[in-house]
Amino acid sequence: MFTSSSSAVLKKLPWLTLTALALVVLADALVFRVFSPWPLLASHARLNEFSTHLVNDRLVLEALEDQSGELPAVVVMGTSRMMDAWQPQALDAKQVPRANVYSLAHPAMLPAEIRVAATKLAPGQAHLVVLGLSESDTHRLLKLRPGSPFPSPGSYIRAARGLGWSWLFEEREGFYRTLVGELLSSYRYRQLLGDAGLNQVRKFGHTRVGPERQRMEDVEAAVQFVPALRDSRLLNDGRHRQQVMQLAAVQPGPHVAVQMDFLRSAVRELRENGARVAIVELPLHPATAGIYSETLRGEFLEFCRELQRDYGVQVVTLDEQPQYSAERFKDLTHVEGEGARQ
């Protein structure tokens, strides 16, 4: 039976809960939005590659906020293909205009992430944004991840408009986790914090973000149509098999309009904030020809022409670049040093 004192505590419980929640949100905001933890985390030895890229993204955004403006700021965005292709140090100093270059290029920088990253650039921060893209970005099957560098509930809503609300129901767990991450940065960055040492303090459970599980049947189905791959040694490397699987996911379908919408929104946001935008078409190893239909590249180029017409985007296609031979690639999707120089 409850006493009068216990009844009083129960009446106060909702207010105590709300107060505790408000204090948690306040502490979270102070740590992640007022007192930046990123310089400290950047020097942490335990961070894996994904967490390192995530921290670097936040440091780049802070550097853009703090820049003096004496030199124009160039921001590079794209996946790891752009990260390897963009190598200004490989050029002669006379070939590179004086500018501060900031890279937001890494494996997880897909169209949905590019859209959100574009919203993080305030007006006047970037003079030029260079997007490294190809049909493997616009036509890749859509997969949103709550642990990505730039997650957003808005990305799920935009995707659902194109793919149907049944898609959002199937992806509801990721959507819920992204919503919580919008409120609490400590939840959004739980993998990073766990890698940084919280796992040693207590069981700090988190879902690790990594490459999608390789499905060998997808690889074998793709390779049987590509003699250059079937007869080569390229598939002896597990990474190459993973890349074939990713290229096999480049397909026509309703997801293409969603991916293009992400990029169109990013370009519109950047142009409204005063940044010039350039799209550089990225090459693939010649042996990959045939994994997907050549018509997909035509659709990608038509999309680029649309952005050029509507937003003044400068487009550099493969037809305007030197031909990339097999020797210019270190694997099926990434150029090596000489290829980057081209």
Side-chain angles (χ1 to χ4, degrees), residues 78-85 105-114 131-145 163 210-260 262-263 279-305 315-336 338-340 342:
T79 63
S80 58
R81 295 173 63 202
M82 186 56 167
M83 183 173 65
D84 287 350
H106 52 72
M109 206 66 176
L110 298 169
E113 283 67 35
I114 290 175
L131 305 177
L133 301 169
S134 74
E135 65 276 9
S136 68
D137 298 288
T138 54
H139 289 68
R140 180 185 299 192
L141 292 174
L142 181 66
K143 181 62 177 178
L144 299 180
R145 298 184 180 184
L163 300 177
E212 295 181 22
R213 186 175 180 180
Q214 182 171 333
R215 294 179 55 193
M216 286 308 302
E217 59 267 29
D218 289 345
V219 176
E220 293 168 359
V223 170
Q224 67 176 330
F225 296 108
V226 189
L229 280 176
R230 188 174 62 240
D231 300 333
S232 74
R233 298 180 179 179
L234 287 169
L235 295 182
N236 292 339
D237 189 318
R239 180 178 58 177
H240 295 160
R241 292 193 293 272
Q242 178 73 25
Q243 291 170 347
V244 172
M245 185 197 73
Q246 292 172 347
L247 292 174
V250 177
Q251 305 171 9
H255 62 280
V256 177
V258 175
Q259 300 280 38
M260 289 182 175
F262 286 143
L263 293 171
I279 294 177
V280 178
E281 184 183 7
L282 299 179
L284 291 170
H285 192 290
T288 62
I291 292 183
Y292 53 79
S293 172
E294 178 65 19
T295 61
L296 301 189
R297 178 175 180 248
E299 294 176 5
F300 166 75
L301 293 177
E302 179 58 34
F303 172 65
C304 290
R305 286 191 287 268
V315 180
V316 182
T317 69
L318 290 177
D319 300 329
E320 303 170 68
Q321 303 175 43
Q323 187 173 1
Y324 294 87
S325 61
E327 292 73 25
R328 295 292 179 258
F329 292 83
K330 61 183 182 182
D331 54 33
L332 295 177
T333 60
H334 301 85
V335 294
E336 48 78 63
E338 188 60 34
Q342 287 185 215

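Start at 1 with the first residue, then count along the sequence.
Looking at every heavy atom in both residues, Cys304 comes nearest to Ile279 through SG-CG2, 4.1 Å. Closest approach of Ser293 and Thr295 over heavy atoms only: OG-OG1, 2.7 Å. Between Ala112 and Leu144, the shortest heavy-atom contact is CB-CD2, 3.6 Å. In terms of heavy-atom proximity, Ser325 sits nearest to Pro286 at C-CG, 4.3 Å. When all heavy atoms are compared, the tightest approach of Pro107 to Met83 is CD-CE, 4.3 Å. Across Leu296 and Glu135, no two heavy atoms sit closer than the pair O-CB, 3.7 Å.
One finds the OG1 atom of Thr288 at 6.0 Å from the CG atom of Leu247 (value rounded to the nearest 0.5 Å). Separation of atoms CG (Leu131) and CE (Met109) is listed at 9.0 Å; rounding is to 0.5 Å. A distance of 11.5 Å separates CG of Leu141 from CD of Gln246, quoted to the nearest 0.5 Å. With rounding to the nearest 0.5 angstrom, the CZ atom of Arg297 is 4.5 Å from the CG atom of Leu301.
Side-chain contact between Arg81 and Ser134 is present, with heavy atoms from C-beta onward closer than 4.5 Å. Residues Pro111 and Thr138 have side chains not in contact (no heavy-atom distance under 4.5 Å, counting atoms from C-beta outward). Considering only heavy atoms from C-beta on, Gln321 comes within 4.5 Å of Val280 through its side chain. With a 4.5 Å cut-off on side-chain heavy atoms, His285 and Lys330 do not count as touching. Two residues are said to be in side-chain contact when any heavy atoms from C-beta on lie closer than 4.5 Å; Leu284 and Leu332 fail this criterion. The shortest distance between side-chain heavy atoms of Phe300 and Asp137 does not fall below 4.5 Å. Residues Leu318 and Tyr324 meet the side-chain proximity criterion, which asks for heavy atoms closer than 4.5 Å. Side-chain contact between Leu133 and Ile114: present, with at least one pair of heavy atoms (C-beta onward) separated by less than 4.5 Å.
Side chains of Glu320 and Thr317: a donor-acceptor N/O pair is present below 3.5 angstrom, by distance only.
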Determine, stepwise, if the pair Val256 / Phe303 fulfils side chain to side chain contact (heavy atoms under 4.5 Å, CB included).
CA-CA 11 Å; Val256 177; Phe303 172 65; over 6 Å; no
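Put simply, the side chain of His255 gets close to the backbone of His139: a donor and an acceptor are under 3.5 Å apart.
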